[in-house]
Number of protein chains: 4
Amino acid sequence: MTRQLRVGIVGYNFMGKAHSNAWMKVGRFFDLPVQVAMRAACGRTRAKVEAFAANWGWESVETDYRELVRREDIDLVDVCVPNHLHREVTVAALAAGKAVACEKPLAMNLRQAREMAALAARKGLFTTVWYNYRRVPALCLARRLVEEGRIGRVFHVRAQYLQSWIVDPNFPLVWRLQGDVAGSGAHGDLNAHLIDAARFITGEEIAEVTAAMETFVKERPVLEDFGAGLSAKAAGRGRKARVTVDDAVVSLARLSGGGLATFEATRFAQGNLNGNKIEVNGEKGAIRFNFERMNELEYFEASRPAHVRGWTTVMATDPGEHKYFGAWWPPGHIIGYEHTFIHQAADIARAFGSARPKPLQPDFADAARTQAVLEAMSQSARSRKWVKVAAG
Amino acid sequence: MTRQLRVGIVGYNFMGKAHSNAWMKVGRFFDLPVQVAMRAACGRTRAKVEAFAANWGWESVETDYRELVRREDIDLVDVCVPNHLHREVTVAALAAGKAVACEKPLAMNLRQAREMAALAARKGLFTTVWYNYRRVPALCLARRLVEEGRIGRVFHVRAQYLQSWIVDPNFPLVWRLQGDVAGSGAHGDLNAHLIDAARFITGEEIAEVTAAMETFVKERPVLEDFGAGLSAKAAGRGRKARVTVDDAVVSLARLSGGGLATFEATRFAQGNLNGNKIEVNGEKGAIRFNFERMNELEYFEASRPAHVRGWTTVMATDPGEHKYFGAWWPPGHIIGYEHTFIHQAADIARAFGSARPKPLQPDFADAARTQAVLEAMSQSARSRKWVKVAAG
Amino acid sequence: MTRQLRVGIVGYNFMGKAHSNAWMKVGRFFDLPVQVAMRAACGRTRAKVEAFAANWGWESVETDYRELVRREDIDLVDVCVPNHLHREVTVAALAAGKAVACEKPLAMNLRQAREMAALAARKGLFTTVWYNYRRVPALCLARRLVEEGRIGRVFHVRAQYLQSWIVDPNFPLVWRLQGDVAGSGAHGDLNAHLIDAARFITGEEIAEVTAAMETFVKERPVLEDFGAGLSAKAAGRGRKARVTVDDAVVSLARLSGGGLATFEATRFAQGNLNGNKIEVNGEKGAIRFNFERMNELEYFEASRPAHVRGWTTVMATDPGEHKYFGAWWPPGHIIGYEHTFIHQAADIARAFGSARPKPLQPDFADAARTQAVLEAMSQSARSRKWVKVAAG
Amino acid sequence: MTRQLRVGIVGYNFMGKAHSNAWMKVGRFFDLPVQVAMRAACGRTRAKVEAFAANWGWESVETDYRELVRREDIDLVDVCVPNHLHREVTVAALAAGKAVACEKPLAMNLRQAREMAALAARKGLFTTVWYNYRRVPALCLARRLVEEGRIGRVFHVRAQYLQSWIVDPNFPLVWRLQGDVAGSGAHGDLNAHLIDAARFITGEEIAEVTAAMETFVKERPVLEDFGAGLSAKAAGRGRKARVTVDDAVVSLARLSGGGLATFEATRFAQGNLNGNKIEVNGEKGAIRFNFERMNELEYFEASRPAHVRGWTTVMATDPGEHKYFGAWWPPGHIIGYEHTFIHQAADIARAFGSARPKPLQPDFADAARTQAVLEAMSQSARSRKWVKVAAG
């Protein structure tokens, strides 16, 4: 009989939906060594979590994560709660001997991240962080091109995550705009992805940084129910409260290999919806990516004959060639945002194919290195000085 | 208790997978008036259909479609078999009083299509054809712009469906390349989509046509198992057999409103994977679409101030604005090919919200008009003359 | 002392400006075997031709082309008059033993074109036709890729010349819209370029065609002064007269090598300004071009490794690689429309480097073959039948 | 009789060619209040300057700029010498009471720039600096959109000037790579354009900066003749010498209006030829530009109806709408790099239409502000601290 990977999820909002869809679909499209069992969903409000579980097929519900992590019929805890609760839920799960898949950013700060990574290491438990853009086939191709030596010595990384959903000053103070819940704004939400992607693609570390942050709209209407989330557009009336996170962050960095990098993450880039972009220029080649066209990778190969040299737009949709695409459709029949989560779910399930789960990157130790970069940038934004990134 | 829409599917290959995924997901993302029940899957090979059903959650299996259409616990028969069996399965289903959702093209020829449409009309049954590109949000936007009067009198339609998967002369003779199974080649497979899209977007009919067809590779290696489908790449050895469908079709047409149209469908357009493209130029505006970037629609508005006039690339991903996107993700978090099927499944389920299912376009009568255009083009390719399209 | 190429120009409107600029600049940027001498300009209205000559540095003026062609101090007559006068001026020039560079299309019809070509052949005189798009570096690259065998057997040519400057029904009846002056509308003006480009790039001939033409706006305001040309935008009042040329032409064609081609030329493609586009799909590769981005050629190389295969956008601006660019600027510093004329002027001057000028394509004989295609399409548009193109 | 603008040029290399072409063409295409007279060209090597003058039509030659600036038949001195000579030649010209058009960057450092601006102010003389990208019609449109209030409060400027011509470590040590001649590398050559463009488009000043510079290739082959310039590709042998300028510079900045800006200029961005790019995100709209497609500006208008909102690609080629284009061709018939110089020459000539020449931006005072930003960035790259930009 096929072994099972029994999952319990904590949290049921935006990421809860994306992860549930992933757990539901992954076994239907991917040939996996284990069968994913959607054992339990956990949330504080019983009615909500029950509706959520019914919709997605979670077999049971819990309203206290401490109950969930204790259950013997669960192998892996999937943590989708807001950022300020990552540590608490994760530590409880690890303490209970559970594998953990935690939403990004791993923690509110580097200290927490290291604590979590250390605990996982001590307990020898499987961990992974949902830096889902690592599972975009086009970005897997980018990494492959680096590994094949097609990029060579990296001179430049240019990474931008451009959104625009809070330009309107009447957009309400949702949890993502509150420092005590989210930890930071564009920095932890978007810049974290850029840092992870830069590290993933180049295989280099970020050595030192200087950064600036800005909160363009200082106060916003208070929302009674912060769960309304991203789609809330109704203009707030009456009370306003202080926005306690950054709206935008810009940073310069030096890479471990000597290259220069720029990072920019913002929710105020009018014209951009989910413009997660990265360009890497090396001695032998270059790559360019924009999530809004996530099925495409642009690649420049310097050694081609001069008269046919240029940027090649590769549709990363060849089932026989591009990572993960074999599970999907014929070439050119594109996939979307949600597939990145399914791919990570597939990788997790595969890791559990052996008696002792194989490590899967980014694990907590790896994500703590991204956290160290985030922290160095935050510190630099305050000190207005270059800051060396703390060693792994 | 919520009413159910009980579905039985016939066929389990490429389209069987796409449709099953749609039926499985639709209720989780869309707020529907009925609950979709995946009642039964049918295929000739028991082992295969059982594996298929198990994977996708079809509750039971049949190996004879005549059994399936007779079942009282089924409301709608979803027909995913190869083209030459559409009529047979569909007629049986309609005769049994079942609603039918049939893959495109509706039939092998116009006579069949009309017979099927007439039977459905006579029985007063719900029908629909899976011209799934009508469910791309960006193409829904195209139609909306026409309806809003933003395009005006249509001068030109320029439609191309460009693929390249059989350029290799050693690609085997799969069922799609056999006239007796597929009916036609690029014509029924790809051109049908273009004709449907042109009709859908402009709201006009195609009045007369002239066309040419070509089979560039006349013979191909025989495959013992034709089910291997699109991904078969192994060079055939030994026996070759005649290719009995078109590799490419080109056509000129006059629209009912007086405009000129060009259609081109081919599997020999090196460089293009699934390049389903259409441009419409009207008196007041123009639209441009390419499926490989299916989340985008380009729109030209002639009345804008001259200094800011140009093609606007609209990301059709605003949950509050663009059709179907409210079920998905925040703006800019793109969707893919498979979502078009989910959208059609949602529309079908909504049609069943009332006691008597509401008509849903394209129904069989509408698809028969597309079939009439296909037939006129085929006839023209033989006669080398302009051919008037038979009236609805 | 350097030999001279002594040029006399007939006509001073749009093309007169483009050609004068070319003659003026060519020697400054290109290393030529002869010195271009701008000897004389000719036009019917003395004041206008004098102003024109003064502006561009033509050394003298004539008001009767018969005087100009007779002058012994002129080697080459550059014919920039409206289409209906090409034959008359050209024949006079050839009769007087002059080399001729004639604007496109060569003539009003095939009979004229052949007469002109025959006369040139009989007299052994140098001729060329200003199909200037042959001198776009990116299109020279396209031809080179074909010659290098990088495209292979041609399956498809897809050529479109899309403009929109007369969509407004109040745009006046300029000479380009009058059949007796222009010969045809979009057909001779735009489609001629497509046909020439298709022949130039592929090296194939067009074997047979079927076509349709349409005049969307049947009557237009009369302009007293037809010379006002393209920029005339004032709405006409009072009298209207019949438009006697086509607004748009669409055509299917079979190539000499067995491929299928589509041609579309129109002045009613809202959204397009000077969208001269061509795509060629061959067995081994494909190319794509759009004049509005004339410094770029897209190239698809089928034999690249599958994971880096895609359309490569080549900036055809490498001075050491791309034809003509050595005369200009560093890579990426783009050139424009006017440079195509300068390039042709350079080729003409180079042809005159030897005692007996070397032939330069497209000469009259070659342009007569393009004219034969135009004529076959016109005939097909009337007869509604496929028409074989008359042999060279 | 028409008044003249009598020009004398100093320098005959890359910029000498671009400027000569501009002076030669400007009067033929633009309707100017003065006639441009190309009076004299000056260079140290008589044979070279004579050939240069003969080619471009400069009426006389000088081999000592002190002679040229003294001549009474010259109104304006056009300074095209390498950067380290800008001050010397310009000061001599101003001292002699001549108007000056100086290549960019204005000077080797801020002290020099201020001295030059002060002298011009004291003498009340006309000055301008050839920041030619201000004369790209699409960038004029960008500024116009800002002036029309279509962008609103500026949140972000993102400027990159990406080239790649010295990635090869055997590319020789041309003058642009020598600090004592060029002053700096990518910084003064490319970043200067970005800073000028950001100031020009937004109308804001850059308040403070932090920056990093890098020289990726520390030593390069010595070229005996440094004049060989950009196209020199022969690998050097034997001696190498130290590269004394930056290969790349990255910078963060705060704008006077509170926005955040990033600047990046590099000659090591493999894949980019002349990628001068800028994006501005404001409260009401956004603009995006890439010089390699210099005829296009992308504009995002936030207030459009949501279903047609997106980036509009405006072809800035409408003769009736877009600055400078009225002199050229019909819409869509694009122009190139060299036209930016012709446009600036036209603006200079127009400034001389009145008895007392009107000021033309950027004049020396304005260019000194750009120099102040360059200097602040250089200082920050050394000090690794944020540096306030010196007031104008």
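A, B, ... follow the sequence lines: proteins, then strands. Residue 1 opens every chain. None of the values given here were measured: they were computed from a predicted structure.
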Inset, instruction - With a 4.5 Å cut-off on heavy-atom pairs, point out which of M315(D), E321(D), E298(D) contacts chain B the most. - result: E321(D)

Legend entry - Proximal to chain D - members of residues 131-147 of chain B, heavy-atom separation under 4.5 Å: L141(B), R144(B), L145(B)

Legend entry - Neighbourhood of chain D inside residues 300-309 of chain B, taking heavy atoms under 4.5 Å as contact: E301(B), R304(B), P305(B), A306(B), H307(B), V308(B), R309(B)

